[in-house]
Protein chains: 2
Amino acid sequence: MKRFFYKSLLQSQLILGLWLFSAGLSLAQQATWIWYPGDFEIWLGNKMQNRRTERGVFFPPFWKLDSHYNLIDFHKSFTLNAPEEVSIFVEGQYNVKIDGKAITGYPKKITMPAGKHKLSLKVFCQDRVPAIFIQGKNVVSDNSWLVTFEDKEWIDETGKASDQSGTTWLNAGSWNFNTPAQAPSKFSLATKTQKPVKVETLKEGMIIDFGKETFGFVQLKGLKGIGKVEIFYGESKEEALDTEHCETLDQLTINQDIAKDSTMELTKAFRYIFIKKSPAVSFKEVSMLYEYMPEKERGSFRCSDEQINQIYDVAKYTFQLNTREFFIDGIKRDRWIWSGDAYQSYLMNYYSFFDSPAVTRTLLALRGKDPVTSHINTIMDYTFYWFLGIYDYYLYTGDKTFIQQFYPRMQTLMEYCLSRRNKDGMMEGLSGDWVFIDWAEGLSKKGAVSFEQLLLTRSLETMTLCANIADDTKGATRYKQIGEELKAKFFNTYWNENKHAFVHSQVDGKQTDNVTRYSNMFAIFFNYLDDAKKQGIKNHVLLNDNIQKITTPYMRFYELEALCALGEQKFVLDEMKSYWGGMLKLGATSFWEEYNPAKSGAEHYAMYGRPFGKSLCHAWGASPIYLLGKYYLGVKPTSPAYEQYEITPELGGLAWMEGSVPTPKGDVKLYCSKESIKITGTNDGVGKLKFKSQTTPTCAQGSIQSVGNQWYELSIPKGQTIEVKYQQ
Amino acid sequence: MKRFFYKSLLQSQLILGLWLFSAGLSLAQQATWIWYPGDFEIWLGNKMQNRRTERGVFFPPFWKLDSHYNLIDFHKSFTLNAPEEVSIFVEGQYNVKIDGKAITGYPKKITMPAGKHKLSLKVFCQDRVPAIFIQGKNVVSDNSWLVTFEDKEWIDETGKASDQSGTTWLNAGSWNFNTPAQAPSKFSLATKTQKPVKVETLKEGMIIDFGKETFGFVQLKGLKGIGKVEIFYGESKEEALDTEHCETLDQLTINQDIAKDSTMELTKAFRYIFIKKSPAVSFKEVSMLYEYMPEKERGSFRCSDEQINQIYDVAKYTFQLNTREFFIDGIKRDRWIWSGDAYQSYLMNYYSFFDSPAVTRTLLALRGKDPVTSHINTIMDYTFYWFLGIYDYYLYTGDKTFIQQFYPRMQTLMEYCLSRRNKDGMMEGLSGDWVFIDWAEGLSKKGAVSFEQLLLTRSLETMTLCANIADDTKGATRYKQIGEELKAKFFNTYWNENKHAFVHSQVDGKQTDNVTRYSNMFAIFFNYLDDAKKQGIKNHVLLNDNIQKITTPYMRFYELEALCALGEQKFVLDEMKSYWGGMLKLGATSFWEEYNPAKSGAEHYAMYGRPFGKSLCHAWGASPIYLLGKYYLGVKPTSPAYEQYEITPELGGLAWMEGSVPTPKGDVKLYCSKESIKITGTNDGVGKLKFKSQTTPTCAQGSIQSVGNQWYELSIPKGQTIEVKYQQ
């Protein structure tokens, strides 16, 4: 039943609407389930991240998981013209007070009197998140309610309540649980049935092909008999058939005379399944319930190159599969929330679904609670990506409330980092710190690695921004100063003029000789460099085959972003075609965790010392979504929430391209060929088109300004479509 | 069913024993349920503290409640001569690994191979505490297992596990859950049936008297019919009959043809219940299930004064009623764990049950988890009592492991305090801090109150002690220094030579004129004073009727302790007889939260602005247990765990007294009259008798030394009985 949640929600909303209508009421305000902000996210994260199994073995994360606050006070004051009846739905044990006076028992309906009155609920719940849904005509639960996990409302011996509470109240958290039935603890993703495209009977069992990578619950229809059924899952056919080494499996013991439909308890990722069974067991049909997060496809891209279109589509599908309760790393394993992986998903999301709650859910689940006892996911760089994710989130959405509410958690995480600097003020891997950077053979993690200092610098810039938004001027000054000092130190310590590059690390106070791509490419799109350094890095690092090559789509993301930022869209397009195209040629129906063109056959599936350890559907494989949106369509915000934005289309060798980019103020639509650019701007926000033309461009709907060197600019009228004739 | 837990445990232990016997196995090692230390305590604390209701309204605490860690790694290495079968019981979702290699599924039995091997379990559980019970012959779960909430066991891309984990491992927590059936989440107290002593039918309903204060589940036997039943509880008859104002009640809706026994869902505290019902409802009998923590009565006291004997018995009963899952404040309300109340219970416990797990359970539940966001129970003094409780716990039990495991939680709590000092280095009530001290009319909490500085000084001494035990020499030095500075400041700031007293407070940098008893009496038994100051305080404060009188047994505890420490046992005996005896004369069957002899009739029951707000069974009312054991029998440890102890009997005007005092090394037994002292020492530990005699004393079993001024000393031979003839 729970799998049809979205549908039944729709029905109950309809029923509620009809009820309100038939009761002759004027339309009530929209109520929604609310909770302590960040707590549902942590609770749901625990649930999801503890669903991983490896060959039937429960496989939970290896970092600390936090819990929701179990005792929450909710309140809001309302001013009513007339008394109104209010329905109360609660997850947990609770009391209800009007103006501090409790109502006996666990009331489900109360009457709020006319005038100004305060409604409070206090809820205890250990296994789920304390949550409430309040529905009156005007008295409704939403995120304007205030919440705390310690109200400190003591009384003295005369019964007088304390008047110096010092309690911190936050705005309640909410999502889209807009009916009483839709309690937060009942959340589940949507599902729909998928049928196999091919069923083949082998000597040992049946091999079933669902046609492409997919995710969900396998179903055996009409299952009966006595004996065992074993299901071996494979992202590749080889994996499903290798019963000894496939990464996931189900083992069922059957004892039933009457045929029953059986749905596996846990979701799995697969394209193929191999089924072995006892002779005395039979079933009629195999299908699956595809499980997914319903997302609106707002971003789009089409162009003259069919391979690029295919790459875009497979990237989008890969991204959809990994956009679930949270942005996860991969659907086969780990199905955990990894901050570095998620950071890329945030960026892809801004050019596809623009699902902001998915970003904040993921940020909050990753951050968890104080005290900070390790880096996020235990990985130093992943802590820094968390900060970077906030920087971008604010830039793309302009959501100040999120920053104000969670600024204290940013502070404590940053203090954790700062307290772990070495005597030179640099971050080194201490005991318990995983310095990850990338999966790359022989990559040194010793000493103070330049890449980590660079990410910390950027994180400190984020903290400066957030401190200002949270009105912490002292903090802003402090973070700014530490950040600037560190940036200077980064240049002084790691820049090697002879190599035209930042070196990889400093060990025992000495610059190492090693140059890797990481710091060099990030420094470019962080825009920390002058032109000479940029060109130096481009020629001596990025385009230099003697520098160790990157084999993960994860770091190819940034490598190609850096090249795009340097205007190398044509080169990058070829790289995309060869790298992502290379996976497609090998039959990929979703993009992989790692791809090394030098390998062949089933070698591609191995990782972590296991023949099928590699994930063939990894979120970080989907970066073309982002690259094509930001650096080809060329749409990006230049101030928070797209108040101001820029469009710099770059065909990169394509004959034409078209697409849309979502913003909080509507979608930007764009068509671009070598002769014309057509743009529909957002209804709000100030957009500017930047382009290069060999001839003098024209536009009937606006006045084009030349800014020199064949570059032109044009303001985009709000909500209107303009067309520019030009010559590339 | 669950209420007969202890009994069924006994049975299952018996069955297990028989099974082991009949299976022909040699006796296996004792296994016990284990968990992350401190977590069961927090979880159980949440459960208990959220059971309070007030007139049918759920009434949870107003401070932050923490949760257990939900994902725990347990492991231990075993060296076996032969393979052995091991049974596994788990609360939560889990995996099992031998030497890091996982066993498929959720195994209930495994075989541990011969040789040295590591057994690990990882358990996730959100609603209960992750816990395991492992039973082999040698492979058993106990608190020698190591546990963590973050194992940080990542692998690299080749599958190699991290070798620099930096994880903190603690010893597992355990209690007495020694059979598989006895899972921690199933814990409940013991119960037994009690019958009323009198049932009276009034016009409006029935009034039922259980003869004395009691606690448990009311039962209606043979309940049937259609209608309502209302039960009004009273610690006094007046309360039960006052249906509008009694503090607790039950309201049942009945609709059943066939008579059924009905047990109320929640426990209540009462002596009387008043039952009203619809005419169409009937029941045959009213009884109750008395709910209690089974405790062994190790401490005892009897003397020549029957009123004192009665005071001792009622105190013991009061203490038993309030010794439950934890040491609570009172059984009617709040049934919460209050640090200041609990601190007195710890001390009473050392002279009665010597239930050390009850002390650590209470300390751990009070402390909760980091981050510290308020004082314990929001009360500044209650934070300090928490430290004092640890000081005494170590002195009485010598339990170093507890201190080593929880030292980090002591540190963070102390840092919270130190960070809240004012510019003079003193503690003042900041926003959100409740400065309690005592329930006393007009007591000023403004500025830096002397009492709080005194308690902080003592807390810093505790931290110095604990830092040394935890091998934190830097911390020890720091706490010692801050403590000594604060002690000096305390004397300089508050001592008023003219008043021969510490004044109450300093406001805006100036000593106030007000003298209260609190700091003065504590400074005495902290032994911070020279003789002149002691006598000054005795005469100008303690025995001075112009200084505001104390009306709570809570502070009378310390007032009388101070007087005992000054040798005023005779005076104190009279005070006990008049104060506690006063309550007995008013019909008390347990001791009260507050007693003001000036009040009369039902006035005694009012508090907090409510006619029956006062608790008539409050743990802090039971202090005679402690005073009689420590200052009359005169037994106390002079080094941790009674390695060395002292017996200084003081008859205080009694003709004779006898009793026993529990220690970790057995009980000390004592008889004392004006002519002889008979003592049986502990089997271990060095005891010393100190007494005063008008004549030269004699002892056949030891050699008495004169230490001047009619005082004598005598070493007590281990485990032997000595008798001294002397003349008081």
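Please read these numbers as outputs of a predicted model, since none were measured by experiment.
Taking CZ of B:F62 as the start and CG of A:D73 as the end, the distance is 12.5 Å to the nearest 0.5 Å. Note that OG1 of A:T378 is 9.5 Å distant from CG of B:D151, once rounded to the nearest 0.5 Å. Here the NZ-CG distance, from A:K152 to B:D433, works out to 7.0 Å after rounding to the nearest 0.5 Å. The CG atom of B:N46 lies 11.5 Å from the SG atom of A:C125; values are rounded to the nearest 0.5 Å.
Within the 4.5 angstrom heavy-atom criterion, atoms from both the backbone and the side chain of A:S374 approach chain B. Residue contact with chain A, scored on non-hydrogen atoms closer than 4.5 Å, involves the backbone of B:I103 exclusively. Using a 4.5 Å cut-off between heavy atoms, B:T373 touches chain A through backbone and side chain atoms alike. Using a 4.5 Å cut-off between heavy atoms, B:F436 does not touch chain A at all. Only the side chain of B:Q251 comes within less than 4.5 Å of a heavy atom in chain A; its backbone stays farther off. Only the backbone of B:T158 comes within less than 4.5 Å of a heavy atom in chain A; its side chain stays farther off. Looking at B:P61, both its backbone and its side chain come within 4.5 Å of chain A, counting heavy atoms on both sides. With a 4.5 angstrom heavy-atom cutoff, B:L71 touches chain A only via side-chain atoms. For A:A440, the part sitting under 4.5 Å from any heavy atom of chain B is the backbone (N, CA, C, O) and nothing else.
For the pair A:N70 (side chain) and B:D66 (backbone), a donor-acceptor distance under 3.5 Å is present. Judged purely by atom type and a 3.5 angstrom limit, A:K160 has no side-chain atom pairing as donor or acceptor with the backbone of B:G609. A distance-only check finds no donor-acceptor pair linking the side chain of B:K64 to the backbone of A:Y69 [under 3.5 Å]. A donor-acceptor pair is defined here as one N or O able to donate and one able to accept, closer than 3.5 Å; no such pair exists between the side chain of A:Q93 and the backbone of B:F58.
Partners of B:E593 under the side chain to side chain donor-acceptor pair (under 3.5 Å) rule, at least two apart in sequence or in another chain, are B:R333, B:Y608. B:E54 is linked by a salt bridge (Lys or Arg N to Asp or Glu O under 4.0 Å) to B:R52, B:R610, counting only residues two or more places apart in sequence or in another chain.
For the pair B:Q126 and A:D127, the tightest heavy-atom approach, listed with the atom from each and the gap, is CG-O, 3.7 Å.
Below 30°, between 30° and 60°, or above 60°: for A:W154 and B:W434 the angle between ring planes is below 30°, a parallel geometry.
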